[in-house]
Amino acid sequence: MIKISLKDGKVLEFNEAVKAEDVAKSIGMGLYKAALAAKINGEVCDLSTVIDKDSSLEILTFEDKDGKWALRHTASHILAQAVKRLYPGVKLAIGPAIDNGFYYDFDADFAITPEMLEKIEKEMENIVKEDYVLERFVLDREEAIKLMSEKAETYKIELIEELPANETISFYKQGEFVDLCAGPHVPSTGKVKAFKLLSVAGAYWRGNENNKMLQRIYGTAFTKKSELDEYLNMLEEAKKRDHRKLGKELDLFTIVEEGPGFPFFLPKGMVVRNQLEDFWREIHRKNGYKEIKTPIILNEALWHQSGHWDHYKENMYFTKIDGEDYAIKPMNCPGGILAYKNQMHSYRELPLRMGELGLVHRHEISGALHGLMRVRCFTQDDAHIFMMPSQIKQEVLGVIKLIDYVYKLFGFEYHVELSTRPEKSMGSDEAWEHATNSLIEALNAAGMDYKVNEGDGAFYGPKIDFHLKDCIGRTWQCGTIQLDFQMPERFDIHYIGEDGEKHRPVMIHRVIFGSIERFIGILTEHYAAAFPTWLAPVQVKILPVTDRANEYAKSLENQLKDMNIRVETDLRNEKIGYKIREAQLQKVPYMIILGDKEVEAGNISVRSRKDGDLGSLELKDFISKIKEEIEKKISNI
RNA sequence: GCCGGCUUAGCUCAAUUGGCAGAGCAACUGACUUGUAAUCAGUAGGUUGUAGGUUCAAGUCCUAUAGCCGGCUCCA
């Protein structure tokens, strides 16, 4: 008797060993049809897996992440099969499922073009129609290498050779196609009902730029055509909120050929930026920070002392002044430390929180540049916290809370990553361990979930990163908290302790927005440029219906300006519908429409970007309403 | 930096097989005095990213180069 317990707590009993798919069938045909993979005792596997002892079982469908991945993984095999049919000489590399889809890397001695994608898609459709069963089989290392040698799949051989000794080497066969693969897969190719190939891109073998560049085909797959269409439609919609497009349309910023990666902020974008900076200063004052400003160019010797010369030189720009070597700062910390050193510090002053909106320049490779998201000069909303070792946890926790407060205000979902010691780094193992543990403790104290990135820390210390999503779901690092025992050492900074002796402080480097530029990019996409009123470049647009209302309009404009409201008046000789349309496209939160009626009654007619015509209001009531909205930073999207 | 694609008026895009560079919007001028997402008419706007080459003839073909886009890589 085999007992199989299901997710809902029910227990099914079978007289003999049974396949997961048969269990699904016994639960119901609906589930059986939707089933893509199974989770047996917590392990994801094929539906054809035989259960021969008491187990827990979960049938995975497209609703489950692992079910989705199995389907898309199978889709990537179908892609590979189609490519092999059409272009037999192509060598296979790897083809996993990823968020939102799948890819497969190929080594072909010709360029894969978009036209070829259409052909490949057609062949994939055939393979789906032919509905091959995916059969799993296991080989020992020698047999596996032999099989792949016969097929001249050199990349597969390399993969097999590097598998650990105890690893099961499994293959999946569908029709004439066999691929090395850990699985799991859906039962047959016919399950992949709706798919599309999306793009071709170069990708280095194993992500290493010293290796050969392969050609990667990206695609996505769903169980239903309607889901695929919905996804493709979502991508189209997302393109409309791309900050590069909106930034151009709404004149927020521009990047010109003369300065690749060096954005220009135009008047409208500058308003958003200044509002963010004002807000930043306000919360930092409230949280006990002082503000400094350090120079952009400093003597190169400083960067030797800080370790940047050894660890960051490739990303830095240099210049000469009077024959002396200078560097353009890629980070604010050395300057911040020099500011700290300007005075003696007592333990009574600690933690000393010093903020700086610092403009840094970093050389990014040309292919990495991306609108405001990745640029070559940007302003970090930096701060350096100097403290005693006993204050680390408390201070890190304080920063985590501040970041959380800011992101929540904008309505962002975010995820957190902890990065540990990289290969290229300085300091002792003990110092790194202490620093890393301190960050973990603070994360735990804050109750934060986080992912660990081994070896991804800064060269001077481990860090916690906060990632935000752009409109198509790519994530960008924004906030970061980095713990540093190295710089204080290198710069020999100290404070006078209770005992009257000199002690070494510990440092935190942290940013909340990360880079103002990137943050504005993310905000633009998040709000589709319909910024909340407190950030909107123009908050109110006054639209006279005819020039009989122009004088009234001008007087209202002055009154609103006196109340510190950003207002513009459209006196052009155009129809009201035209003026409204334009204001709406410019995403102005409020329009005041003035015709003969309003002039007569001395009131105003208000239209909101979001809700349309709001009817007649008294000016003072409108002012108090909008003032409150600005004051409370209401995100009225 | 690497792989592939793209680059035509301020913006969005046209231009058969190489055969006179065009439209809408925006701008400017004029008329219209208008009530909640586009009034009409006219004017001007270009060394087709840049530099070479092939050709009787190049936006179109070839080479180089810059920038952009999608990825890889890298990172705020």
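Hydrogens, waters and symmetry mates play no part in the numbers below; they use all other heavy atoms, side chains included. Chain naming here is simple, since letters A, B, ... match the order of the sequence lines and numbering starts at 1 in each.
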Are the charged groups of A/K541 and A/D570 less than 4.0 angstrom apart, N to O?
no
In dot-bracket notation, what is the pairing pattern of RNA chain B, taking Watson-Crick (N1-N3 plus N6-O4 or O6-N4) and G-U wobble (N1-O2 and O6-N3) contacts under 3.5 Å, with [ ] crossing and | for other strands?
(((((((..((((.....[..)))).(((((.......))))).....(((((..]....))))))))))))....
Mind calculating the distance between CD (A/E258) and P (B/C68) to the nearest angstrom?
11 Å
In whole angstrom, give me the gap between the P atoms of B/A15 and B/G59.
15 Å
Looking only at atom P, what distance separates B/C28 and B/G45, rounded to whole Å?
16 Å
Find the distance A/I592:CD1 to B/G35:P and express it as a whole number of Å.
19 Å
Just the rounded figure in Å: distance from P of B/C3 to CD1 of A/I217.
18 Å
Listed by chain and number, what are the side-chain contact (heavy atoms from CB on, under 4.5 Å) partners of A/I98, not counting sequence neighbours?
A/Y103, A/Y218
Applying side chain to side chain donor-acceptor pair (under 3.5 Å), run through A/Y204 and A/N210 and close with a yes or a no.
CA-CA 8 Å; A/Y204 299 109; A/N210 298 319; over 6 Å; no
When you check the gap from the basic side-chain N to the acidic O, do A/K84 and A/E153 get nearer than 4.0 Å?
yes
Taking the same atom, P, in B/G42 and in B/A26, what whole-Å distance lies between them?
15 Å
Counting primed atoms plus P, OP1 and OP2 as sugar-phosphate and everything else as base, spell out the protein contacts along nucleotides 37-52 of chain B at 4.0 Å heavy-atom distance: B, S or - for each nucleotide, 5' to 3'.
BBB-------------
Heavy atoms, side chains only, cut-off 4.5 Å: are A/M124 and A/L197 in contact?
yes
Using the P atom as the point on both nucleotides, what is the distance between B/G49 and B/U36, in whole Å?
45 Å
Measure NZ/A/K248 against C1'/B/C69 and give the value in whole Å, please.
11 Å
Using a 3.5 Å distance criterion without hydrogens, assess whether the side chain of A/Q539 forms a donor-acceptor pair with backbone atoms of A/I565.
no
Rounded to the nearest Å, what distance is computed from the CG atom of residue A/D107 to the P atom of nucleotide B/C3?
14 Å
Categorize A/T113 for me: base, sugar-phosphate, or nothing, with a 4.0 angstrom heavy-atom threshold over every strand shown.
nothing
What's the CG-P distance between A/D570 and B/U33, to the nearest Å?
18 Å
Residues passing the ring-ring contact (aromatic ring centres under 6.0 Å, His included) test with A/H73, sequence neighbours excluded, are A/H77, A/H185
Please work out which of the three classes, parallel, tilted or perpendicular, describes the rings of A/H308 and A/Y460, given edges at 30° and 60°.
tilted
With rounding to the closest Å, how many angstrom separate the P atoms on B/A64 and B/C6?
15 Å
Show me the pairs that pass salt bridge (charged side-chain N to carboxylate O under 4.0 Å, His left out) and involve residues 243-255 of chain A, at least two apart or across chains.
A/D242-A/R244, A/K245-A/E249
Does A/F106 form a ring pair (Phe, Tyr, Trp, His ring centres under 6.0 Å) with A/Y104? I'd like the steps, not just the answer.
CA-CA 7 Å; A/F106 301 98; A/Y104 212 110; 5.1 Å; yes
Measure the acute angle between the ring planes of A/F262 and A/Y317, then classify it against the limits of 30° and 60° as parallel, tilted or perpendicular.
tilted
Taking B/U50 as the reference, what is the distance to B/U60 when you measure between their P atoms (whole Å, please)?
11 Å
When we call it a touch if two heavy atoms are under 4.0 Å apart, what does A/K597 touch: a base, just sugar-phosphate, or nothing?
base
Answer with yes or no whether the side chains of A/S616 and A/K597 bring together a donor and an acceptor at under 3.5 Å.
no
With rounding to the closest Å, how many angstrom separate the C1' atoms on B/A21 and B/A9?
11 Å
5'-most by nearest nucleotide on RNA chain B - A/T546 or A/I112:
A/I112
Could you give the CG-to-C1' distance, from A/L369 to B/G70, as a whole number of Å?
14 Å
Parallel, tilted or perpendicular: ring planes of A/Y312 versus A/F459, cut at 30 and 60 degrees
tilted
Per-nucleotide protein contact string for nucleotides 71-76 of chain B, where B marks a base within reach and S marks sugar-phosphate only (heavy atoms under 4.0 Å, - for neither)
BBBBBB
Nearest-Å distance once atom P is located in both B/C61 and B/U7
10 Å
Whole-Å distance between B/G67 C1' and A/R244 CZ?
14 Å
